[in-house]
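What follows is one structure encoded as structure tokens, with my remarks underneath.
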Amino acid sequence: MKALGDSLFTEPSEALPEEPKPVEMSFHHCHRDPQPQPGLTPERLQAQRQLCAACAVCCIFMAGEVVGGYLAHSLAIMTDAAHLLADVGSMMGSLFSLWLSTRPATRTMTFGWHRSETLGALASVVSLWMVTGILLYLAFIRLLHSDYHIEGGAMLLTASIAVCANLLMAFVLHQAGPPHSHGSRGAEYAPLEEGPGETLPLGNTSVRAAFVHVLGDLLQSLGVLAASVLIYFKPQYKAADPISTFLFSICALGSTAPTLRDVLRVLMEGTPRSVGFESVRDSLLSVPGVRATHELHLWSLTLTYHVASAHLAIDSTADPEAVLAEATSRLHSRFGFSSCTLQVEQYQPEMAQCLRCREPPQA
């Protein structure tokens with residue numbers, strides 16, 4: 001029994017092999033860039049602070065405009081408040097995307113949570129269109145019946161405060177000096193209006209976009225201020241309120257139309273607007289050893305997070321690893337794709353007649 005007990009509880013003579021520990025490498029076997037550091041970069045932290053401050057100012061003065069517009073019976077003031085609502089939604093979407101950029105992908109959400117930024121932008125646009133539609137209806141009723149009264153003093157005061165609020169937000173969002181970037185290009189976001197050679201971090205891009213929106217709001221607030229001055233000194237021209245509501249509503253809808261178009265393009269898995277299908281195809285075909293390419297797909301998770309996948313048919317004498325490395329490098333450096341998946345295979349003559357290997361037609 002003693003011998004049996006010793007054999008049961010005595011440690012084995014040979015130690016069990018330990019599980020291999022993950023090794024930190026400066027450059028991974030299949031990734032071009034070092035492993036990103038957790039958390040936000042200093043640029044994004046600064047952008048987060050700027051957006052938070054501007055969003056707080058926007059919320060406070062939006063509530064003030066709603067109260068002032070109600071007391072003044074001014075639809076133009078309400079329209080300006082609705083435009084501020086769109087800005088709040090846009091800035092909150094940018095803040096949300098900054099927070100999501102620190103969350104890793106999961107087995108359920110293999111691409112991460114980037115697409116939620118696009119859904120937030122869609123919700124912001126839809127809410128603005130609904131509010132604007134209601135204000136347009138009320139302005140039309142006012143022009144038909146003219147049985148309304150405008151408090152010129154309250155309207156003038158509220159419009160003046162709105163102009164000051166937009167100036168304050170523009171000051172908060174103003175960036176002194178050109179933006180710069182660090183680290184992985186895959187973690188960066190390039191604005192749509194700039195070419196693939198100019199990249200900006202997401203934080204700077206979001207702040208610049210919010211700054212442009214605030215400048216548009218400032219012009220609208222100045223127009224409302226001009227209408228309020230006219231009504232204050234000439235009450236008989238109270239029709240300037242619904243007329244300015246029509247004008248500024250059209251401006252608000254027009255300013256959100258490009259955003260809605262881009263959002264729908266992302267949700268429909270369309271080719272990124274700043275990337276040409278033919279340009280990507282020709283770049284892949286120019287890689288030494290590549291004979292043909294098919295199953296080329298280009299899409300976006302957000303307006304600036306682009307993804308590509310393709311099959312590369314190569315010569316029998318070509319080195320698959322060299323072709324894969326060169327093609328991936330070109331997609332990253334020339335077009336700014338954040339994620340690329342390429343399949344390398346031997347070229348077969350039958351590919352020229354394969355229906356599934358043909359390029360998609362022009363839209």
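Everything numeric here is computed off the predicted structure, so don't read it as measured data.
S333 places a side-chain N or O within donor-acceptor distance of the main-chain N or O of S329, the cut-off being under 3.5 Å. Of the possible donor and acceptor atoms, none in the side chain of S74 sits under 3.5 Å from a partner among the backbone N and O of M155. Side-chain atoms of D319 come within 3.5 Å of backbone atoms of E321 as a donor-acceptor pair (strictly under, hydrogens ignored). Distance alone, capped at 3.5 Å, is enough to place a donor-acceptor pair between the K238 side chain and the Y148 backbone. The backbone N or O of A76 sits nowhere less than 3.5 Å from a side-chain atom of D80 that would complete a donor-acceptor pair. Judged by distance alone, with hydrogens and angles left aside, the side-chain atoms of R265 form no donor-acceptor pair with the main-chain N or O of S300 at under 3.5 Å. For the pair R115 (side chain) and L301 (backbone), a donor-acceptor distance under 3.5 Å is present. Within the 3.5 Å criterion, the main-chain N or O of A81 finds a donor-acceptor partner in the side chain of E65. Distance alone, capped at 3.5 Å, is enough to place a donor-acceptor pair between the R330 side chain and the S283 backbone.
A continuous path of hydrophobic side-chain contacts links L85 to V67 [ILVMFWY only; heavy atoms under 4.5 Å]. Cluster membership for V214 and L84, using ILVMFWY side-chain heavy atoms within less than 4.5 angstrom, is shared. Note: the hydrophobic cluster containing M91 also contains L168 (ILVMFWY, side chain heavy atoms under 4.5 Å, direct or indirect links). Note on L167 and L156: same hydrophobic cluster, where clusters join Ile, Leu, Val, Met, Phe, Trp and Tyr whose side-chain heavy atoms are under 4.5 Å apart, directly or indirectly. Hydrophobic cluster membership is shared by F335 and F277, with clusters built from Ile, Leu, Val, Met, Phe, Trp and Tyr side chains linked at under 4.5 angstrom.
Using a cut-off of 4.0 Å between Lys/Arg side-chain N and Asp/Glu carboxylate O, R334 and E326 are scored as not salt-bridged. Between R142 and D241 there is a salt bridge, since at least one side-chain N of the basic residue sits less than 4.0 Å from a carboxylate O of the acidic one.
Counted within 6.0 Å of CZ on F246, heavy atoms from surrounding residues, nucleotides or ligands total more than 12; the atom is thus considered enclosed.
Atom CG of D262 is separated from atom CG of L122 by 12.0 Å, given to the nearest 0.5 angstrom. Note that CG of L324 is 11.0 Å distant from CD of Q343, once rounded to the nearest 0.5 Å. Of the inter-residue distances, the one linking S244 atom OG with L75 atom CG reads 8.5 Å to the nearest 0.5 angstrom. Distance check, rounded to the nearest 0.5 Å: SG of C251 to CG of L219 gives 9.5 Å.
Between A105 and T110, the closest heavy-atom pair is CB-O, 3.3 Å. Closest approach of Y232 and G153 over heavy atoms only: CD1-N, 3.6 Å.
With a 4.5 Å cut-off on side-chain heavy atoms, H297 and S309 count as touching.
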Practice problem: Take E295 and R281, measure what salt bridge (Lys or Arg N to Asp or Glu O under 4.0 Å) needs, and give me the verdict at the end. | Solution: CA-CA 11 Å; E295 296 291 338; R281 176 204 60 197; over 6 Å; no

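Taking the six-membered ring for Trp and thresholds of 30 and 60 degrees, H149 and H73 have ring planes inclined between 30 and 60 degrees apart.
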